[in-house]
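Remarks on the structure that follows.
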Amino acid sequence: MPTLSCFLCGKPADPQKLQTVCECGRPLKFDLGLKKAQITPKDLDHNTNSLWRYAKLLPACDPVTLGEGATPLIPAHRLHTNWFIKDEGVNPTASFKARGMSLAVSMAKKLGAQALAVPSAGNAASALSAYAAAAQIPAFVFMPSDTPHAFIVECRSLGAQVTLVDGLITDCAAEIARRKQQEGWFDLSTLKEPYRVEGKKTMGYEVFEQFNQKLPDVIVYPAGGGTGLIGMAKAFDEMEQLGWIGAERPRMVAVQAAGCAPIVQAFQNGERFAEPFPNAATVASGLRVPRAIGDFLMLDAIRATHGTALTATDREMIESAKKMAARTGVFACPEGGATLAAAEKLTQQGWIKPQETVVLFNTGSGLKYLEALA
Ligand SMILES: *Cc1c(COP(=O)(O)O)cnc(C)c1O
Ligand SMILES: [Zn+2]
């Protein structure tokens, strides 16, 4: 039987009910209790061209789907031999937030949520708006008032109730927390329910399949709230339980913006939990997350895989996003640009070796960031 328990303290929670976080305030982990060879790569649903090909590895539900996942792994040999771009910009609503929201909305619907809310720097709001429309559940999205215009127009078109907040994503989250009980909203904030991370973990399974049942040496990921990094680390642990891989792991690299780098700071200071980052500012809106309840999970994954964490400035991200676009044909977002800037720095430092296989995650499309990229 699948179970839910706290990622930090281990306290169990009932998977038959709508769940938020553990009593200790930290995220809940969904666990299928996988045994060796219980599922093999052959058992996947190979006729389904979306992340639902991994349905056997996901919580059981009736999918609310727009065709998310199954994104291309694009050779980026004009950037570097053996470098690849996992292009998440081709997902519904143009970012990998679609993966998480497909699962989270499917499960919220199954477990009886009547209205859904999310604080967002942009992409999560777009994705929730789309999946809530598909599920015909009302959506309430809260974004900082300086969020790029494209996100606001998109969410309103998708029928969501949009509220702009003077402040950061953390202020948007506080506004939802204050009102959700009275309004009857179910809060889909990053890691404040157990299933967005289940959707994001499918990136790890896809990378494994796309490298013909192997994993790359290094994964470079632009980390905000951390669901993608945490999800992939969880996927690799599951793959080891299933006997698909051994103890080896790609070295996980978290890139953050120089103007908002709580995880980089905690990594450098040898801490397991991150301090809130003051005066967070960056054009990479997905990285403007000054405080994350999954901080320790990111830091554990980076350290366990002998990875690292580093920053890129806004200027470096924009320049690298354009370089990625012009050299590979992938119109990257600034967050995607950050992965290229980071990989180049790490190569210069000798931390990435010239022959190593590296996957850069372009987490969204450049189309939503025209003001920053113009
Ligand atoms: C949300 C977001 C991120 C950060 O993702 P997490 O998995 O929450 O760390 C990175 N890039 C883009 C484009 C995003 O929208
Ligand atoms: Zn707990």
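Here the structure is a predicted model, which is why all the values come from computation and not from measurement.
The two atoms that bring A130 and L158 nearest to each other are N-CD1, 3.7 Å, heavy atoms only. Contact detail for F30 and L4: the closest heavy-atom pair is CA-CD2, 3.6 Å. Nearest heavy atoms, P290 versus I169: CD-CG2, 4.3 Å. Nearest heavy atoms, K345 versus T311: NZ-O, 2.8 Å. Nearest approach of R288 to D146, heavy atoms of both residues: NH2-OD1, 3.0 Å. Closest approach of V64 and A134 over heavy atoms only: CG1-CB, 3.8 Å.
The backbone N or O of P15 sits nowhere less than 3.5 Å from a side-chain atom of K17 that would complete a donor-acceptor pair. Formation of a donor-acceptor pair under 3.5 Å by the E356 side chain with backbone atoms of K353 is found in this model. With hydrogens and angles ignored, the 3.5 Å screen pairs no side-chain donor or acceptor of N362 with any backbone N or O of D87. The main-chain N or O of Q16 is found under 3.5 Å from a side-chain atom of D14 such that the two form a donor-acceptor pair. In this structure, the side chain of Q256 engages the main chain of I263 through a donor-acceptor pair within 3.5 Å. Judged by distance alone, the side chain of T48 and the main-chain N or O of R53 form no donor-acceptor pair under 3.5 Å. Under a 3.5 Å cut-off, the side chain of E183 and the backbone N or O of K180 do not form any donor-acceptor pair. In this structure, T305 contributes its side chain and I302 its backbone to a donor-acceptor pair below 3.5 Å. T347 contributes a side-chain N or O that, together with a main-chain N or O of A343, makes up a donor-acceptor pair within less than 3.5 Å. A donor-acceptor pair is defined here as one N or O able to donate and one able to accept, closer than 3.5 Å; such a pair exists between the side chain of K368 and the backbone of T93.
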Report the C-alpha separation of T308 and L346 in whole Å, then their side-chain angles, then the decisive distance to 0.1 Å, and conclude whether the side-chain contact (heavy atoms from CB on, under 4.5 Å) test is met. CA-CA 10 Å; T308 189; L346 292 171; 4.0 Å; yes
Mind running salt bridge (charged side-chain N to carboxylate O under 4.0 Å, His left out) on K323 and E316 for me, showing each step along the way? CA-CA 10 Å; K323 181 173 176 183; E316 288 169 333; over 6 Å; no
Show your reasoning for whether side-chain contact (heavy atoms from CB on, under 4.5 Å) applies to R251 and W351. CA-CA 11 Å; R251 306 197 310 277; W351 193 92; 3.5 Å; yes
Walk me through whether L57 and Y205 qualify under side-chain contact (heavy atoms from CB on, under 4.5 Å). CA-CA 10 Å; L57 296 158; Y205 284 100; 3.6 Å; yes
Start with the C-alpha gap between R272 and D300, add the side-chain angles, then the distance that decides, and say whether salt bridge (charged side-chain N to carboxylate O under 4.0 Å, His left out) holds. CA-CA 7 Å; R272 193 174 182 220; D300 289 354; 2.7 Å; yes
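No continuous path of hydrophobic side-chain contacts links L287 to M324 [ILVMFWY only; heavy atoms under 4.5 Å]. Cluster annotation: V105 is connected to V141 through the hydrophobic network of ILVMFWY side chains, with a link wherever side-chain heavy atoms come within less than 4.5 Å. No chain of hydrophobic side-chain contacts below 4.5 Å, direct or via other Ile, Leu, Val, Met, Phe, Trp or Tyr residues, connects L310 to F267. When hydrophobic clusters are built by joining Ile, Leu, Val, Met, Phe, Trp and Tyr residues whose side-chain heavy atoms come closer than 4.5 Å, directly or via intermediates, M203 is grouped together with Y54. Taking hydrophobic clusters as Ile, Leu, Val, Met, Phe, Trp and Tyr residues chained together by side-chain heavy-atom distances below 4.5 Å, L188 shares a cluster with L191.
One finds a salt bridge joining R249 and D237 here, because a Lys/Arg side-chain nitrogen approaches an Asp/Glu carboxylate oxygen to under 4.0 Å. Salt-bridge annotation for E198 and K234: present, with a side-chain N of the basic residue lying under 4.0 Å from a carboxylate O of the acidic one.
Under a cutoff of 6.0 Å and an axis angle of 45°, R78 and W83 do not form a cation-pi pair.
At least one side-chain heavy atom of V220 sits less than 4.5 Å from a side-chain heavy atom of V218. C22 has its side chain within reach of C9: a pair of non-hydrogen atoms, C-beta onward, lies under 4.5 Å apart. With a 4.5 Å cut-off on side-chain heavy atoms, C24 and C6 count as touching. Contact annotation: the side chain of M232 approaches that of I219 to within less than 4.5 Å [non-hydrogen atoms, C-beta and beyond]. Side chains of F186 and E193 form a contact here, defined as non-hydrogen atoms less than 4.5 Å apart. Side-chain contact between R99 and E206 is present, with at least one heavy-atom pair separated by less than 4.5 Å. Side-chain contact between M252 and M298: absent, with no pair of heavy atoms (C-beta onward) separated by less than 4.5 Å. Between K36 and L242, every side-chain heavy-atom pair lies at or beyond the 4.5 Å cut-off.
Atom CG of D62 is separated from atom NZ of K109 by 6.5 Å, given to the nearest 0.5 angstrom. Within the model, atoms CG of L32 and CG of L58 stand 8.0 Å from one another, a figure rounded to the nearest 0.5 Å. Rounded to the nearest 0.5 Å, atoms CZ (R26) and CG (D295) are 4.5 Å apart. If you take OG on S365 and CZ on F96, they are separated by 13.5 Å, rounding to the nearest 0.5 Å. From E344, atom CD reaches atom NE2 of H80 across 8.5 Å, with rounding to the nearest 0.5 Å.
Donor-acceptor pairing under 3.5 Å is lacking for the side chains of S5 and K11. Donor-acceptor pairing under 3.5 Å is lacking for the side chains of W185 and Q114. S126 and E154 share a side-chain donor-acceptor pair at under 3.5 Å. Side chain to side chain, K200 and T227 meet the donor-acceptor criterion of an N or O pair below 3.5 Å. Side-chain contact annotation: D314 with T282, donor-acceptor N/O pair under 3.5 Å present. Checked by atom type, the side-chain pair E68/S50 shows no donor-acceptor distance below 3.5 Å. Counted by atom type alone, D31 and T3 present zero donor-acceptor pairs between their side chains at under 3.5 Å. T363 and E88 share no donor-acceptor pair across their side chains, judged by distance under 3.5 Å alone.
Ring pair F151/Y369 is perpendicular by interplanar angle, where above 60° counts as perpendicular and below 30° as parallel.
The distance between the ring centers of F84 and F211 falls below 6.0 angstrom.
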